[in-house]
**Q** 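Next up is a structure, given as structure tokens.
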Protein chains: 2
Amino acid sequence: MIGIEQRVAIFEGQLKQAGLRMTQQRRLILRILAEAHDHPDAKGIFTRAFEHDPTLSLSTVYRTMKLLESQGAIERHAFEDGVSRYEHADQQHHDHLIDVETGQVVEFSSPEIEALQAKIAAELGYEIVRHRLELYARKLPKAGRKRVKKDV
Amino acid sequence: MIGIEQRVAIFEGQLKQAGLRMTQQRRLILRILAEAHDHPDAKGIFTRAFEHDPTLSLSTVYRTMKLLESQGAIERHAFEDGVSRYEHADQQHHDHLIDVETGQVVEFSSPEIEALQAKIAAELGYEIVRHRLELYARKLPKAGRKRVKKDV
DNA sequence: ATGCAATTGCAAATGATTTGCATTATTCCT
DNA sequence: AGGAATAATGCAAATCATTTGCAATTGCAT
């Protein structure tokens, strides 16, 4: 994981190359995203950013998210409720498990599943461009979880 | 796969149990769905149904889809474009591969992937309630596909 | 056939996201 | 530093899929 400053600097470079500008609001949103350890939606990002700059508008958040996504700086996910949620992209590929009770999102990755997906696609005559895998799950009672024996 | 008449009859029975009614529009929509071999969205269903009954409204389609879904008669999927698409539920579980070029949807199922998903969830302390797996893919050139040798 | 509640069609409401436009802010140049 | 050119912003209005309130209609049990 890289630092916020570096992320901002890298992004500023990308912008320059595209003839675009690094604005206060983009800097702010980038910072919010770097500090986020969850998967906030546009309104969530707006709320957090608004505390630092009450002149910021929700449209700018949306526009910035679109820009960041097109630059590959963030990833957009739409889980079951349909709203777009975002996370920064400086991490390895992973899929998501969503706790149906709390909405909490847990990340995981499985090379085995990826391999199977590729195999299935190939058998159907396709090559995968991208995929979406979400597990909607419920927490198991503790007894069912892997742990040190203690009370048996 | 069961026939349309049976599907309608079964559904009518479910309705009766719930104190609900079998209306002309529900019958029509059920028929449209049974005849569909793709994954139409509400507007698509509306368009097809409208040809048989021009008094039908889009709201009724939406309301009926919701009802059918709550009765387990159909499944709703929201692929990347966000709109809800429907398919009847009298078939075994499967996932979807979407051709990114044509939008065509291919169904597939993989017990191996399902097993891996369950294993991953268990390791994280969860049990899967449902999942969503979509492969966005591009057709391979024919040469790459399994086929009888012919022109080499 | 009659009545009551479920259902419908229509129009208006919602909610997330996008967009037009006038204003403001960045960047580049000197 | 000062200015011009134009990208970016804020705001309000527009979209788009989906939902909902309500008055009119229809299905169904009696």
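The chains referred to below are lettered A, B, ... by the order of the sequence lines, with proteins before strands, and numbering in each begins at 1. Because the structure is predicted, anything quoted here is derived from the model rather than measured.
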**Q** Check this for me, if you would: do B:Glu75 and B:Arg130 make a salt bridge, where the nitrogen-to-carboxylate-oxygen distance has to be below 4.0 angstrom?
**A** no

**Q** If you assign B:Gln24 and B:Val83 each to the DNA chain D nucleotide with the nearest heavy atom, which residue ends up on the more 5' nucleotide?
**A** B:Val83

**Q** Under 4.0 Å from OP1 or OP2 of C:dT18: is there any side-chain N or O of A:Tyr62 that close?
**A** no

**Q** Scan A:Arg26 against the nucleic acid and name what it touches under 4.0 Å (heavy atoms): base, sugar-phosphate only, or nothing.
**A** sugar-phosphate

**Q** In terms of the angle between their ring planes, are A:Phe46 and A:Phe50 parallel, tilted or perpendicular, with boundaries placed at 30° and 60°?
**A** tilted

**Q** Rounded to whole angstrom units, what separation is found between the CG atom of A:Leu15 and the P atom of D:dT6?
**A** 19 Å

**Q** Is the CD atom of A:Gln17 crowded by more than 12 outside heavy atoms at less than 6.0 Å?
**A** no

**Q** Less than 4.0 angstrom from a charged side-chain N to a carboxylate O is my criterion; do A:Arg26 and A:Glu12 meet it?
**A** no

**Q** Counting only side-chain N and O atoms of B:Thr23, is one of them less than 4.0 Å from OP1 or OP2 of C:dT8?
**A** yes

**Q** How close or far is atom C1' of D:dT19 from atom NZ of B:Lys43, stated in whole angstroms?
**A** 15 Å

**Q** Can you tell me if the side-chain N/O atoms of B:Thr60 get under 4.0 Å from OP1 or OP2 in C:dG9?
**A** yes

**Q** Where the side chain of B:Ser57 is defined as all heavy atoms beyond and including C-beta, which of C:dG9, D:dG10, D:dA8 is the nearest nucleotide?
**A** C:dG9

**Q** Rounding to an integer number of Å, can you tell me how far B:Leu67 CG sits from C:dT8 C1'?
**A** 13 Å

**Q** Within the structure, does a side-chain N or O atom of B:Gln25 lie under 4.0 Å from either OP1 or OP2 of D:dT26?
**A** no

**Q** In this structure, how many angstroms lie between the P atom of D:dC11 and the CZ atom of A:Phe50, rounded?
**A** 9 Å

**Q** C:dA16 C1' sits how many Å from A:Ile45 CD1, rounded?
**A** 14 Å

**Q** Is a salt bridge present between B:Asp53 and B:Arg31, judged by a nitrogen-to-oxygen distance below 4.0 Å?
**A** no

**Q** Under 3.5 Å, is there any donor-acceptor pair linking the side chain of A:Arg63 to the base of C:dT18?
**A** no

**Q** Would you say B:Ser59 places a side-chain N or O within less than 4.0 Å of OP1 or OP2 belonging to C:dT8?
**A** no

**Q** On DNA chain D, compare the nucleotides closest to B:Glu12 and B:Asp41; which residue's is nearer the 5' end?
**A** B:Asp41

**Q** Taking only side-chain N and O atoms of A:Lys66, does any of them lie within less than 4.0 angstrom of OP1 or OP2 on C:dT18?
**A** yes

**Q** Where the side chain of B:Arg21 is concerned, which of C:dT27, C:dG9, C:dT7 is the nearest nucleotide?
**A** C:dT7

